[in-house]
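Below, chain A is the first sequence line, B the second, and so on; all start at residue 1.
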Amino acid sequence: MTTDTTTTGAPAEPSGDPDALPYRYNAALAAEIERRWQDLWEERGTFHTPNPAGPWATPEAIKGEKVYLLDMFPYPSGKGLHVGHPLGFIGTDVLGRYLRMTGHNVLHAMGFDAFGLPAEQFAVQTGAHPRKTTEDNIRRYKAQLRQLGLAHDPRRSVATTDVEFYRWTQWIFLKIFESWYDEEQQKARPISELVEEFAQGKRRTPDGRGWCELTTAEQRKVIDSYRLAYVSEAPVNWCPGLGTVLANEEVTADGRSERGNFPVFRRNLKQWMIRITAYADRLIDDLDRVDWPESVKAMQRNWIGRSEGAQVRFPTTTNTGERVDIEVFTTRPDTLFGATYMVLAPEHPLASQLPPAEWPEGTDERWTGGAATPAEAVTAYQRATSRKSELDRQENREKTGVFTGAYATNPVNGKKIPVFIADYVLMGYGTGAIMAVPAQDQRDWDFAAVFGLPVVRTVDPGEDWDGEAFTGDGPAINSANDEISLNGLNVADAKRTIIDWLEEKGYGKSVVQYKLRDWLFSRQRYWGEPFPIIWDEDGPLPVPEDQLPVELPEIADYSPKTFDPEDADSEPEPPLSRAKDWVRVDDKHWRETNTMPQWAGSCWYYLRYLDPENDERFVDPEVERYWMGPDPNKPGDPGGVDLYVGGVEHAVLHLLYARMWQKVLYDLGEVSAEEPFRKLFNQGYIQAYAYTDERGVYVPAEEVVQNPDGGFTWNGKPVNREYGKMGKSLNNVVTPDEMCERYGADTFRLYEMSTGPLEASRPWSTQDVVGSQRFLQRVWRNIIDERTGELRVTDEAPDDDTMRLLHRTIAGVREDFEALRYNTAAAKLIEYNNHLTKTYGKVGVPRAAAEPLVLMMAPLTPHIAEELWQRLGHEESLAYGPFPEADERWLTVDTVEYPIQVNGKVRSRMTVPADADNAALEAAALADPKVVELLAGRTPKKVIVVPGRLVNVVG
RNA sequence: GUCCGAGUGGCGGAAUGGCAGACGCGCUAGCUUGAGGUGCUAGUCCCCGUUAUAGGGGGUGGGGGUUCAAGUCCCCCCUCGGACACCA
């Protein structure tokens, strides 16, 4: 081997410069060791994972229980990695290495989510093809990740932009396109089965004609309306600044694009949608079957927003004398008797049909908005609302609205109640109309207060209630008519009773509402998967499977046409539409020119890792069942990846979309797992301090020093400290490359894992990294002579204290690794090594004490462990074990030190035989001189003996 | 506003209801070195006390409670972070 080039050769005399020692573990030696082992692992295919079937079938190589570990795959940005990015990757790697050493068949791979806007924008600016930029970036990412020593199966790396990958993305899309959701069976079924049902008359056509009476075009229209992927002309989020439409999830609460922060307008445009709403119930219900953080489950439940309630019709009359019903959705039908007015969203279709010519006699002045007629008031209010941005509408929560001049009839008591329009009712939820019950809804209460509307309490809030709207449970009051009385019933019973009555009378019905909308699936971009769809004049047609993939055409200009960000009336124009020859299939057929959103590839990449070279199927069914199938030993187990690690920022979007795709594939019998991710773990983030000078300019964080008084200065000038992200613009980026160069990958890995539990966010602190390196140096020094490079271990047997500590350490470290508590595992290894240094530092560590340490370090610091293992004389890599096992014999001890508490405070200690029974412990404690002194002759009231813990004397 | 998380030394963080502060950084002292640094050894929660030992008291955001015993369990409040946000 070679180490420090300056000092190879004769052992140097001990000097003041420890780095001059030729065999000292320092950054240079680490670099050499790390590179060598990384090459060896690659050459030997150490981390190639066997499959039971498919193109890579080597069932004979499979040993032990399978474990599928997965990281949320990265987008390969041009900026490269900073030290925060690999935190989770290292975390899964440590677990994977530990599991491999303990006899598991571990699948762990890394790919790239490589479609997306930045490469396209870079292409627009520079003319470089997005594929070139993307592939360059992927290469750089791979190099950066490789130097960290991650034990991925390199053969399984995929990128969503690989033609062979997106061929299957398109194939899955076709499956979705060729399916419909059978509400009765609660599952997706092939569209051919729907056609059969129509043809056999089992299912009625929308207008009641027989299936055969419909023209082919009409039949197609009917069928298309059932598909899980469909085109609809519907209000969508049009973002002129980006030149594309966006999914609801990509629009911020203040009506702007998540990327770029451009204004977003609601426009009716023809776009592809995926019928995720069909899965709303299963997406909520199956959350109970997965092992995910409660917070993420809560976010998904919240996003899907299931609420059970009733739809109720309130009859009224339009200004042309037509009798119509205002349909409302309410979750509180039990409060119907307290509905004292109604509100329509300003955009509600009835809003302009209701106003009569004149204000009714005696209309309250506050209700008219100062307008001469109801129609004028409504029009003016509608106009004012449409001018308000989403943000204004949300920030300004004072209740506004106008009376439409019309009254509707409350079906439970026949009372005429006024109908308003107000912007606190949203057209996008429920029916866009509400019954207002000020007594039990604070928003209605606030509105009623402004407009002087009556309040009728229908739930008794109790005597000492002095609040406004009461939303709690209580007995119903004031809620009876000639036929029915809810009085005295609690909320739940009252709901049931009134819904039965409404259904019986035909006034309403029980319904379930969701906040979740269908998923807008098309984008006007170049760098995405083309749809495997061609059009004729009657609609979309699937590209036959054997003609996949539909490859992205080459075009001159990659940019979507963007517009003035404020130009709401502009029309999207996808870049693919410019590839005229590609678009035109023949005289009657042309290609779909939208592309899929970036989420598409991440909806199924975890399936492709399983069988990346299969060109017959997206994954071999047996391979899928092996790695992801439900565990028959766990009833209700939905299957899925065994551990999925990533940031919480994907709580809703990616995780919801992927779950839906998985369920479609499951329904169609293509996969055996009902859920993609059986267990989810949210890693924390590495954050960093940033510093600004008095001008507010970010100064290099690396060069800032802390003063004794606690302040911070840069070049002697005081600076302000902020805490948050790491970023180029904040001048505080630290890269893994720098850390590998200054300390080595093992030190870097160990540092990241020791600074806290994996789920915790924590600040980056370069100065602390040295602690991890010192530990590795001390281990190295205990085994290798720093001057000669010779082994220092002895063949002596370790003493009993060392054996006991060793086996306690083994037991503890195993537990910690399994629970992803790498910080405490590292602490135990440090303690053990400190013990070895203290006990054997001068004479050499017994081999039997050193080898287990090396093995236990391997998951955390694999390179130095492999190196030491080899130097200790082992020819086989330790990647597959053996991991030390704790011996019960050394976990028991002869004597134990017990703390003795008096009244809950530790006052003394005693050492007693480990097998002492409670009576003996009590006697020994009471005989303790300190206890005798404190009791001063009194008899203790009680003595608590906790075996193995302590004795508490209560006096 | 609603729903989640979290508050422990100068800092990152440890502690199946049972000895608070493991381990690391930093700091202090000593050693080594011509010197410095990523070297070595020891110390390092706060207060009182002692020449030094020995002692004694307090302490996990604040207040209450359960318990022989609470950082840990329960109730109320405060602060910070995140998600959602007029969803009827």
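Remark: C1' of G17(B) and CG of Leu950(A) are 11 Å apart, rounded to the nearest angstrom. Between Tyr751(A) atom OH and C11(B) atom C1' there is a gap of 10 Å when expressed in whole angstrom units. Remark: C1' of C23(B) and CE of Met856(A) are 15 Å apart, rounded to the nearest angstrom. Going from atom CG of Asp446(A) over to atom P of G1(B) covers 14 Å, rounded to whole Å. The distance between atom CE of Met299(A) and atom P of U2(B), rounded to the nearest whole Å, is 19 Å. Atom P of nucleotide A85(B) and atom OH of Tyr429(A) are separated by 13 Å, given to the nearest angstrom.
Comparing atom distances between the Arg778(A) side chain and each of G12(B), A88(B), G24(B) picks out G24(B) as nearest. Closest contact between the side chain of Glu831(A) and the listed nucleotides A88(B), U38(B), C23(B) involves C23(B). Side-chain proximity of Arg774(A) to C4(B), C19(B), C25(B): nearest is C25(B). Taking only side-chain atoms of Gln901(A), from C-beta outward, the nucleotide of G18(B), G39(B), A88(B) with the closest atom is G18(B).
No donor-acceptor distance shorter than 3.5 angstrom exists from the side chain of Asn823(A) to the backbone of Thr755(A), with no hydrogens or angles considered.
Phosphate proximity of A83(B) to Arg301(A): absent, as no side-chain N or O sits under 4.0 Å from OP1 or OP2. For the pair Ser307(A) and A88(B), the criterion of a side-chain N or O lying under 4.0 Å from OP1 or OP2 is met.
In this model, a donor atom of one side chain and an acceptor atom of the other lie less than 3.5 Å apart for Asp928(A) and Ser908(A). Looking only at atom types and distance, the side chain of Tyr691(A) has no donor-acceptor partner in the side chain of Asn732(A) under 3.5 Å away. Judged by distance alone, the side chains of Thr837(A) and Asn782(A) do bring a donor and an acceptor atom under 3.5 Å apart. No side-chain donor-acceptor contact under 3.5 Å links Asn952(A) and Lys942(A). Judged purely by distance below 3.5 Å, without hydrogens or angles, the side chains of Asn918(A) and Glu922(A) never pair a donor atom with an acceptor atom.
Side-chain atoms of Arg24(A) stay outside donor-acceptor range of the base of U38(B), with no qualifying N/O pair under 3.5 Å. For Arg909(A) against C19(B), a side-chain-to-base donor-acceptor contact under 3.5 Å is present. Judged by distance alone with a 3.5 Å cut-off, no donor-acceptor contact links the side chain of Asp768(A) to the base of C25(B).
Remark: U79(B) base-pairs with A6(B); criterion is Watson-Crick or G-U wobble with both hydrogen-bond distances under 3.5 Å. With both pairing distances under 3.5 Å, C19(B) is matched to nothing as a Watson-Crick or G-U wobble pair. Applying the Watson-Crick and G-U wobble criteria (two distances, each under 3.5 Å), A54(B) pairs with nothing in any strand. With a cut-off of 3.5 Å on both Watson-Crick or G-U wobble distances, the partner of U33(B) is given as none. A69(B): no Watson-Crick or G-U partner with both key distances under 3.5 Å is found in any strand. Under the Watson-Crick or G-U wobble criterion, with both distances below 3.5 Å, G1(B) is paired with C84(B). Pairing for G26(B) is with U44(B), a Watson-Crick or G-U wobble pair whose two hydrogen-bonding atom distances lie under 3.5 Å.
Place Ala760(A) and Asn302(A) on RNA chain B by their nearest nucleotides, and Ala760(A) ends up nearer the 5' end. Comparing Thr837(A) and Lys930(A) along RNA chain B, the residue whose closest nucleotide (by nearest heavy atom) sits nearer the 5' end is Thr837(A).
Taking the charged nitrogens against the carboxylate oxygens, Asp444(A) and Lys399(A) have no contact shorter than 4.0 Å, which rules out a salt bridge. Comment: Lys828(A) does not engage Glu831(A) in a salt bridge, judged by the lack of any side-chain N to carboxylate O separation of less than 4.0 angstrom. Between Lys725(A) and Glu649(A), none of the side-chain N atoms (NZ, or NE/NH1/NH2) sits under 4.0 Å from a carboxylate O, so this pair counts as no salt bridge.
Taking the C1' atoms as reference points, A14(B) lies 11 Å from G24(B), given to the whole Å. Taking atom C1' on both A22(B) and C76(B), the two are 34 Å apart, rounded to the nearest angstrom. Going from the P atom of U53(B) to that of G37(B) covers 30 Å, rounded to whole Å. Atom C1' of G21(B) sits at a distance of 13 Å from the matching atom of G12(B), rounded to the whole Å.
Looking at heavy-atom distances under 4.0 Å, Thr331(A) makes contact with sugar-phosphate atoms alone, never a base. The residue Pro293(A) sits apart from the nucleic acid: no heavy atom pair falls under 4.0 Å. As judged by a 4.0 angstrom heavy-atom cut-off over every strand, Ile830(A) is placed among residues touching the sugar-phosphate backbone only. Asn903(A) comes within 4.0 angstrom of nothing in the nucleic acid, heavy atoms only. Among the heavy atoms of the strands lying under 4.0 Å from Val946(A) is at least one base atom, whether or not backbone atoms are also near. Using a 4.0 Å heavy-atom cutoff across all strands shown, Ser761(A) reaches sugar-phosphate atoms only and no base atom.
Across all their heavy atoms, Ala825(A) and Val813(A) have their closest contact at O-CG2, 3.9 Å.
Listed in residue order, the members of residues 820-829 of chain A having a heavy atom less than 4.0 Å from RNA chain B are Asn823(A), Thr824(A), Ala827(A).
Taking syn as a glycosidic angle within 90° of 0, G30(B) does not qualify and is anti.
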